[in-house]
Amino acid sequence: MLILSRKINEAIQIGENIRLKVLHVSEGQVKIGIEAPGDVKIYRAEIYAEIEKQNLLAAQAKKSAAAKAAGLLPKPAAQTKVNDA
Amino acid sequence: MKCRNHQFGEIEYTNEHVFDFPDGIIGFEHLHKFIVLNDAETDPFRWLVSVEDEEFSLPILDPKFVEPLYEVTNSFEQGLTVAVVVSLKEPIESSTVNLRSPLLFDPNKHTGKQVVLENDRFPILHKFIAEPQLVAGEESC
């Protein structure tokens with residue numbers, strides 16, 4: 001892994017189109033600004049990993065388990081409070 | 001056209017049934033062409049089936065069955081159909097749906113994508129089946 005030290009307002013350029021800038025540091029938390037083209041997908045790594053894990057797990061599903069779960073689903077609630085959220 | 005699926009056998013479909021996912025879905029970025037299959041046995045769960053990989057079928061659900069206040073399309077383009085991915089687990093009550101990264105289908109363009117919502121009010125692991133009984137004193141999560 002490449003390790004670089006940066007001060008506040010200093011940036012790291014990755015390739016031609018991606019720039020990460022350190023905006024703020026305090027109490028163990030770093031705020032990072034990211035400039036990248038719209039087609040570059042940016043995720044918090046742990047969120048991405050959990051979604052990937054759940055997709056992989058979901059793809060193991062058997063019809064029989066889905067049928068069982070279908071019988072236990074709550075009925076869709078009437079949408080009486082949609083605008084109060 | 002026809003494709004095979006390990007759970008559903010031979011499936012006949014036309015181009016109009018195919019949703020093109022240019023980026024695939026997370027963890028399956030190599031798959032791009034899917035159809036949505038209704039199955040009477042598992043209704044209202046439906047299946048995202050790959051026409052490229054016969055081993056791939058993913059249960060999905062209209063979010064109205066699990067979260068009536070779920071509103072995704074407002075923050076994106078209108079006219080999209082929303083579905084959430086279902087992780088079936090053992091025991092069945094521990095199964096979850098992923099409200100954080102729904103699938104959005106565009107029925108006009110026949111495209112789809114899995115998005116990740118910024119709003120962390122929507123959990124990745126949302127239980128949707130009531131526990132049979134909670135032991136007194138046990139914390140619910």
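Chain letters run A, B, ... following the sequence lines, proteins first and then strands; every chain starts at 1.
Interface check for chain A: of the options B/L125, B/L48, B/N98, the most heavy-atom pairs under 4.5 Å are formed by B/L125.
Using a 4.5 Å cut-off between heavy atoms, B/V86 touches chain A through its backbone atoms (N, CA, C, O) alone. When heavy atoms are compared at a cutoff of 4.5 Å, A/L73 approaches chain B solely by way of its side chain, counted from C-beta outward. Contacts between B/F128 and chain A at a heavy-atom distance below 4.5 Å involve backbone atoms as well as side-chain atoms. Contact of B/D23 with chain A is made through the side chain alone, with heavy-atom distances under 4.5 Å. Looking at B/I92, only its side chain comes within 4.5 Å of chain A, counting heavy atoms on both sides. If you measure heavy-atom distances from B/E90 to chain A, the contacts under 4.5 Å come from the side chain alone. Heavy-atom distances place no part of B/I60 under 4.5 Å from chain A, backbone and side chain included. Within the 4.5 angstrom heavy-atom criterion, only side-chain atoms of B/L61, from C-beta onward, approach chain A. Contacts between A/L56 and chain B at a heavy-atom distance below 4.5 Å involve backbone atoms as well as side-chain atoms. A/K41 touches chain B through its side chain: at least one heavy atom from C-beta onward sits under 4.5 Å away, while N, CA, C and O do not.
Counted within 6.0 Å of CD on A/E46, heavy atoms from surrounding residues, nucleotides or ligands total more than 12; the atom is thus considered enclosed. By the 6.0 Å contact criterion, CD on B/E55 is enclosed, its count of non-hydrogen atoms from other residues, nucleotides or ligands being greater than 12. Within 6.0 Å of the NZ atom in A/K63, the count of heavy atoms belonging to other residues, nucleotides or ligands exceeds 12. Within a 6.0 Å sphere centred on CZ of A/R19, heavy atoms belonging to other residues, nucleotides or ligands number 12 at most.
Contact of the B/I124 side chain with the B/S101 side chain is not registered, since no non-hydrogen atoms from C-beta on lie closer than 4.5 Å.
Using bins of under 30°, 30° to 60° and over 60° for the plane-to-plane angle, the ring pair B/F34/B/F21 lands in the perpendicular bin.
A donor-acceptor pair shorter than 3.5 Å cannot be found between the side chains of B/S50 and B/K33. Judged purely by distance below 3.5 Å, without hydrogens or angles, the side chains of B/N5 and B/E10 never pair a donor atom with an acceptor atom.
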